[in-house]
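Numbers for residues simply follow the sequence, beginning at 1.
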Amino acid sequence: MSTHINAPEGAVAKNILLPGDPLRAKFIAENFLENAKLYNEVRGMFGYTGTYKGLPVSVQGTGMGQPSLSIYVTELFKDYGVENAIRVGTCGAVQEDLELRDTILVNAACSDSSLLNQRFGSLHFAPTADFSLVRAADEIASKMGIRYTVGSVCSSDFFYDINDNWKKWKDYGVKGIEMESAELFTLAAQYKRRAMAIMTVSDHILKGGQTSAEERQTTFTNMMKIALDTLVEINK
């Protein structure tokens, strides 16, 4: 076990989904995984392991923000040997061509977080997703026939953006604003693991409109299906 994950050796699969919301982790385990077993509930941050189409898969809540995700993902990579990690989360859209409930396959993440500065100082690291994961997810999403796009997000430390920084990110083509992916991609680079993120548009910063908390927990199933099938595909 590690400091924040109360799981014995072997309890966490090499392939994992990472929702921020622990209740979304519970929903995924109960609705998509076979024989799912709870391995963690420390601080209410649920983690489960089961199988999906015969593949051992875990799902672990990470909380909101890059510092919280950093704790869980560091322990998952360092102490539990996780090899493939896909964040399944929500974002606020900042582009006109996006609508509520659209899916974004994230291939890169900008950030305003000091975590990058503390690591790299005056250097500028570019947090990017693993191409093999993004390519597999793109093929799967295309076959599903859903509304989706591939592009970058901004992982911001602000949920309530007091400076309207989203406007600058919008001007440079960023699809949406969320709070975790840049740290996930950076940790994957550090530990030589594969990671990507799949977002559902839960609110639209540019055009207005938002979904409910219950919808965010239980109805954004397209990204869950894409993520799970992506893990199966890359393990063939």
Side-chain angles (χ1 to χ4, degrees), residues 17-25 27-28 61-70 73 86-117 124-129 133-134 137-138 141 144 146-186 195-227:
L17 299 190
L18 301 170
D21 186 349
L23 292 180
R24 190 181 302 129
F27 176 85
I28 293 170
T62 65
M64 289 190 291
Q66 293 181 80
S68 182
L69 176 137
S70 189
V73 173
I86 301 179
R87 167 164 155 68
V88 282
T90 59
C91 70
V94 294
Q95 298 296 334
E96 286 280 2
D97 60 345
L98 288 170
E99 302 293 342
L100 289 179
R101 302 175 186 83
D102 281 358
T103 300
I104 303 172
L105 309 182
V106 180
N107 59 10
C110 312
S111 185
D112 58 21
S113 177
S114 66
L115 290 177
L116 286 173
N117 295 335
H124 297 278
F125 179 73
T128 55
L133 289 174
V134 176
D138 179 59
M144 288 174 63
I146 63 170
R147 279 181 56 94
Y148 80 98
T149 187
V150 180
S152 64
V153 296
C154 171
S155 301
S156 178
D157 282 350
F158 285 101
F159 184 85
Y160 299 106
D161 184 353
I162 59 175
N163 297 314
D164 285 340
N165 289 328
W166 65 268
K167 294 178 181 178
K168 176 67 73 173
W169 298 119
K170 170 190 174 295
D171 289 344
Y172 281 80
V174 168
K175 301 288 186 181
I177 312 298
E178 53 94 66
M179 301 186 73
E180 290 87 22
S181 296
E183 178 66 3
L184 172 60
F185 298 167
T186 303
M196 74 166 293
I198 304 176
M199 303 278 103
T200 300
V201 175
S202 60
D203 56 285
H204 210 298
I205 299 171
L206 182 64
K207 297 191 291 187
Q210 62 183 8
T211 57
S212 69
E214 183 177 358
E215 283 183 276
R216 293 193 294 273
Q217 289 173 14
T218 63
T219 66
F220 293 166
T221 56
N222 283 337
M223 67 177 175
M224 302 171 192
K225 294 174 184 176
I226 295 168

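Within 6.0 Å of atom CZ in Phe159, 12 or fewer heavy atoms from other residues, nucleotides or ligands are found, so the atom counts as exposed in its surroundings. Residue-environment remark: CE (Met64) stays at or below the threshold of 12 foreign heavy atoms within 6.0 Å. Heavy atoms from other residues, nucleotides or ligands lying under 6.0 Å from NZ of Lys207 number more than 12.
Remark: Met179 CE to Arg87 CZ distance equals 9.5 Å, nearest 0.5 Å. Atoms NE2 and CG, on His124 and Asn117 in that order, are 8.0 Å from each other to the nearest 0.5 Å. In this structure, Asp138 CG and Ile226 CD1 are separated by 9.5 Å, a value rounded to the nearest 0.5 Å.
Residues Phe220 and Thr211 have side chains in contact (heavy-atom distance under 4.5 Å, counting atoms from C-beta outward). In this structure the side chain of Cys91 reaches within 4.5 angstrom of the side chain of Val201, judged on heavy atoms. Side-chain atoms of Met144 and Asn222, non-hydrogen and from C-beta on, do get closer than 4.5 Å to each other.
Donor-acceptor pairing under 3.5 Å is recorded for the side chains of Gln66 and Ser111.
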Side chain to side chain contact (heavy atoms under 4.5 Å, CB included) between Val174 and Trp166, intermediate numbers included = CA-CA 9 Å; Val174 168; Trp166 65 268; over 6 Å; no
Practice item. Give the intermediate values and the outcome of side chain to side chain contact (heavy atoms under 4.5 Å, CB included) for residues Thr149 and Asp102. Key: CA-CA 8 Å; Thr149 187; Asp102 281 358; over 6 Å; no
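With hydrogens and angles disregarded, a donor-acceptor distance shorter than 3.5 Å links the side chain of Asp21 to the backbone of Leu23. Checking side-chain atoms of Ser181 against main-chain N and O of Ser155 turns up no donor-acceptor pair under 3.5 Å. Checking side-chain atoms of Arg24 against main-chain N and O of Val88 turns up a donor-acceptor pair under 3.5 Å. Put simply, the side chain of His204 gets close to the backbone of Leu98: a donor and an acceptor are under 3.5 Å apart. Side chain of Ser212 to backbone of Glu215: a donor-acceptor contact under 3.5 angstrom is found. Side-chain atoms of Asp161 do not come within 3.5 Å of backbone N or O of Phe158 as any donor-acceptor pair. Not a single donor-acceptor pair under 3.5 Å links the side chain of Thr200 to the backbone N or O of Arg101. Gln95 contributes no side-chain N or O that, together with a main-chain N or O of Asp97, makes up a donor-acceptor pair within less than 3.5 Å.
Residues forming a side-chain hydrogen bond (donor to acceptor under 3.5 Å, both in side chains) with Ser156 (at least two apart in sequence, or on another chain): Asp112. With sequence neighbours left out, the side-chain hydrogen bond (donor to acceptor under 3.5 Å, both in side chains) criterion links Asn107 to no other residue.
Here the shortest heavy-atom pairing between Ser68 and Gly63 reads OG-CA, 3.6 Å. Pro127 approaches Ala182 most closely through the heavy-atom pair CB-O, 3.6 Å. Of all heavy-atom pairs spanning Val153 and Met199, the tightest one is CG1-CG, 4.3 Å. Scanning both residues, Glu180 and Gly65, for their nearest heavy atoms gives OE2-N, 2.5 Å. Taking every heavy atom of both residues into account, Pro67 and Leu115 meet most closely at N-CD1, 4.0 Å. When all heavy atoms of Ile198 and Met223 are compared, the pair lying nearest together is CG2-CB, 3.4 Å.
In summary, of the residues considered (Val106, Ile104, Leu105, Thr103), a side chain to side chain contact (heavy atoms under 4.5 Å, CB included) with Val150 occurs for Leu105 alone.
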